Amino acid sequence: VQIAHKIAAVTGGGSGIGAALCRAFAVGGARAVVVIDRDADAAESVARSCAGNAVALQCDVADAGAVDAVISDIVARFGGLDLMCSNAGIATGAGLDATPETWRRAIDVNVLGHVHVAQAAIAHLLGAEQGWLVVTASAAGLLTNPGDAPYTVTKHAAVGFAEWLAVTYGGRGLGVSVLCPLGVATPLLMDPLAAGAAAATVVAASGEILTPDAVAATVVSGLADESFLIVPHAEVARFWAQKARDPDRWLAGVRRLVDST
Ligand SMILES: NC(=O)c1ccc[n+]([C@@H]2O[C@H](COP(=O)([O-])OP(=O)(O)OC[C@H]3O[C@@H](n4cnc5c(N)ncnc54)[C@H](O)[C@@H]3O)[C@@H](O)[C@H]2O)c1
């Protein structure tokens with residue numbers, strides 16, 4: 001699928017990977033780019049930084065009614081929706097000590113956020129000529145993030161949900177992709193890394209830290225290839241294959257990595 005002339009929207013568009021996706025879609029000739037974020041000022045400033053027709057809309061993806069309203073607003077303004085990136089997500093840095101509130105917020109944003117977006121957007125995407133939904137999960141959804149239990153669990157759920165959508169709607173004209181990066185230089189990773197947090201330190205030790213623009217470029221080429229699984233870090237595909245081949249050996253390797261960081 002190509003970006004040119006598409007009406008594209010990105011949740012979590014106010015920072016990091018989402019902001020880079022918005023800019024890449026604008027440069028790629030999208031008819032409209034909608035920057036959606038919980039943080040209205042951040043969304044506004046990304047929309048201003050985009051070439052072409054970009055607008056900012058405020059929305060917390062954990063709120064089903066708010067997501068529904070924002071998608072209706074997009075369709076009312078632009079007459080449809082072609083490319084929806086459900087990208088907003090949060091890390092917790094917590095292990096077994098995570099409170100029920102931390103678990104609930106991670107589930108609300110990292111799992112139900114995608115469910116709300118799909119529920120609101122799929123009818124419009126199915127009505128588009130070549131509608132496409134991109135779910136941002138993480139390498140933690142294929143492998144594990146040793147320092148963050150709620151993140152690992154919710155990202156596995158996001159991969160599962162994207163796969164379910166692809167199976168259920170893929171034959172009906174809806175494209176689905178799932179984005180699974182390892183470390184990316186955004187506040188989500190770099191702020192805890194600067195503070196010496198264990199989860200971020202292990203991610204940084206696991207592979208190269210890519211720029212958000214490099215990840216956005218991989219998404220654009222993954223969409224052009226119409227790939228389901230978009231994995232910007234080559235090492236993630238390698239680790240994932242190793243895990244499938246020999247789970248015990250892969251687990252031993254991850255434990256060694258954790259012990260050495
Ligand atoms: N940075 C990494 O290393 C990395 C790696 C793999 C996956 N990811 C995933 O990529 C996605 C984007 O992360 P990022 O690294 O760009 O982080 P980021 O913190 O730079 O950006 C996330 C944006 O999402 C917004 N947001 C958070 N919760 C929201 C909510 N409930 N509703 C609406 N907006 C919300 C934030 O305001 C922020 O603007 C996330 O799903 C994250 O889990 C990041």
Side-chain angles (χ1 to χ4, degrees), residues 9-24 34-47 49 56-67 69-71 85-93 104-117 120 134-145 147-148 150-159 161-162 178-194 197 199-216 218-219 230-233 235-236:
V10 182
T11 69
S15 174
I17 296 168
L21 286 172
C22 290
R23 286 191 291 266
V34 185
V35 187
I36 304 169
D37 207 284
R38 177 181 63 181
D39 181 337
D41 293 342
E44 196 58 59
S45 99
V46 171
S49 77
L57 294 175
Q58 198 267 336
C59 166
D60 182 337
V61 298
D63 179 344
V67 173
V70 105
I71 301 294
C85 295
S86 186
N87 166 81
I90 52 169
T92 79
R104 262 183 226 115
R105 186 66 188 160
I107 291 166
D108 282 349
V109 178
N110 293 354
V111 184
L112 295 179
H114 299 304
V115 175
H116 300 152
V117 167
V134 180
V135 171
T136 302
S138 167
L142 301 172
L143 305 165
T144 211
N145 181 334
D148 197 327
Y151 193 74
T152 299
V153 171
T154 56
K155 291 299 184 178
H156 274 258
V159 172
F161 183 56
V178 65
L179 172 62
C180 295
L182 192 61
V184 187
T186 73
L188 179 137
L189 177 67
M190 300 318 268
D191 292 354
L193 187 61
T201 307
V202 176
V203 171
S206 304
E208 193 187 347
I209 297 181
L210 297 180
T211 64
D213 288 337
V215 173
T218 314
V219 171
I230 301 179
V231 178
H233 297 73
E235 53 269 49
V236 170

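Hydrogens, waters and symmetry mates are skipped; everything else that's a heavy atom, side chains included, is used. One-based numbering, in listed order, for ligands and for the atoms of each. We number each residue from 1, following the sequence as shown. A quick note: this is a predicted structure, and the numbers were derived from the prediction, not measured.
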Using heavy atoms and a threshold below 4.0 Å, how should the contact between [X] and ligand 1 be classified: side chain, backbone, both, or neither?
X	value
V109	side chain
M190	neither
P212	neither

Give yes if a backbone or side-chain nitrogen or oxygen of [X] is under 3.5 Å from a nitrogen or oxygen of ligand 1, and no if not.
X	result
S138	no
D37	yes
G183	no
G18	no

Where is the nearest protein heavy atom to [atom]: which residue, which atom, and how far?
atom	answer
atom 8 (N) of ligand 1	Y151 OH, 3.4 Å
atom 40 (C) of ligand 1	N87 O, 3.3 Å
atom 18 (P) of ligand 1	S15 OG, 3.6 Å
atom 3 (O) of ligand 1	V184 N, 2.9 Å
atom 32 (N) of ligand 1	V61 N, 3.0 Å
atom 19 (O) of ligand 1	L188 CB, 3.6 Å
atom 30 (C) of ligand 1	D60 OD1, 3.6 Å
atom 24 (O) of ligand 1	G12 CA, 3.3 Å

Taking only heavy atoms of [X] into account, list the atoms of ligand 1 that are under 4.0 Å away from them.
X	answer
G16	16 (O), 20 (O)
P187	20 (O)
R105	31 (N)
C59	32 (N), 33 (C)

Tell me, please: is [X] in heavy-atom contact with ligand 1, that is, under 4.0 Å?
X	result
A185	no
K155	yes
P181	yes
T136	yes

Judged by atom type as modelled, is there a donor-acceptor pair below 3.5 Å linking the side chain of [X] to the main-chain atoms of [Y]?
X	Y	value
D37	A40	no
N87	T11	yes
E208	L182	no

With rounding to the nearest 0.5 angstrom, report the [atom1] to [atom2] distance, [X] to [Y].
X	Y	atom1	atom2	result
H156	N110	NE2	CG	12.5 Å
R38	I90	CZ	CD1	7.0 Å
L179	T136	CG	OG1	4.5 Å
T218	L210	OG1	CG	7.0 Å
I209	H233	CD1	NE2	8.0 Å

query: Given T186 and I17, is the side chain to side chain contact (heavy atoms under 4.5 Å, CB included) satisfied, shown in steps?
result: CA-CA 7 Å; T186 73; I17 296 168; 4.1 Å; yes

Check your understanding: If you look at every heavy atom in A158 and V135, which pair is closest and at what distance?
Key ->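 That closest heavy-atom pairing would be O-CG1, 4.1 Å.
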
With salt bridge (Lys or Arg N to Asp or Glu O under 4.0 Å) as the criterion, how do R105 and D60 come out once you've worked through the C-alpha distance, each side chain's angles and the decisive distance to 0.1 Å? CA-CA 12 Å; R105 186 66 188 160; D60 182 337; 3.1 Å; yes

request  = Go through the steps to decide whether V67 and I71 satisfy the test side chain to side chain contact (heavy atoms under 4.5 Å, CB included), and finish with yes or no.
outcome  = CA-CA 6 Å; V67 173; I71 301 294; 4.3 Å; yes

**Message:** Ignoring hydrogens and geometry beyond distance, is a side-chain donor-acceptor pair present between T92 and D148 at under 3.5 Å?
**Reply:**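 Checked: T92/D148 side chains pair up, N/O donor to acceptor below 3.5 Å.
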
List the steps and the verdict of side chain to side chain contact (heavy atoms under 4.5 Å, CB included) for T144 and Y151. CA-CA 9 Å; T144 211; Y151 193 74; over 6 Å; no

Out of T186, L182, L189, who gets a non-hydrogen atom closest to atom 4 (C) of ligand 1?
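Nearest option to atom 4 (C) of ligand 1, by heavy atoms: L182.
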
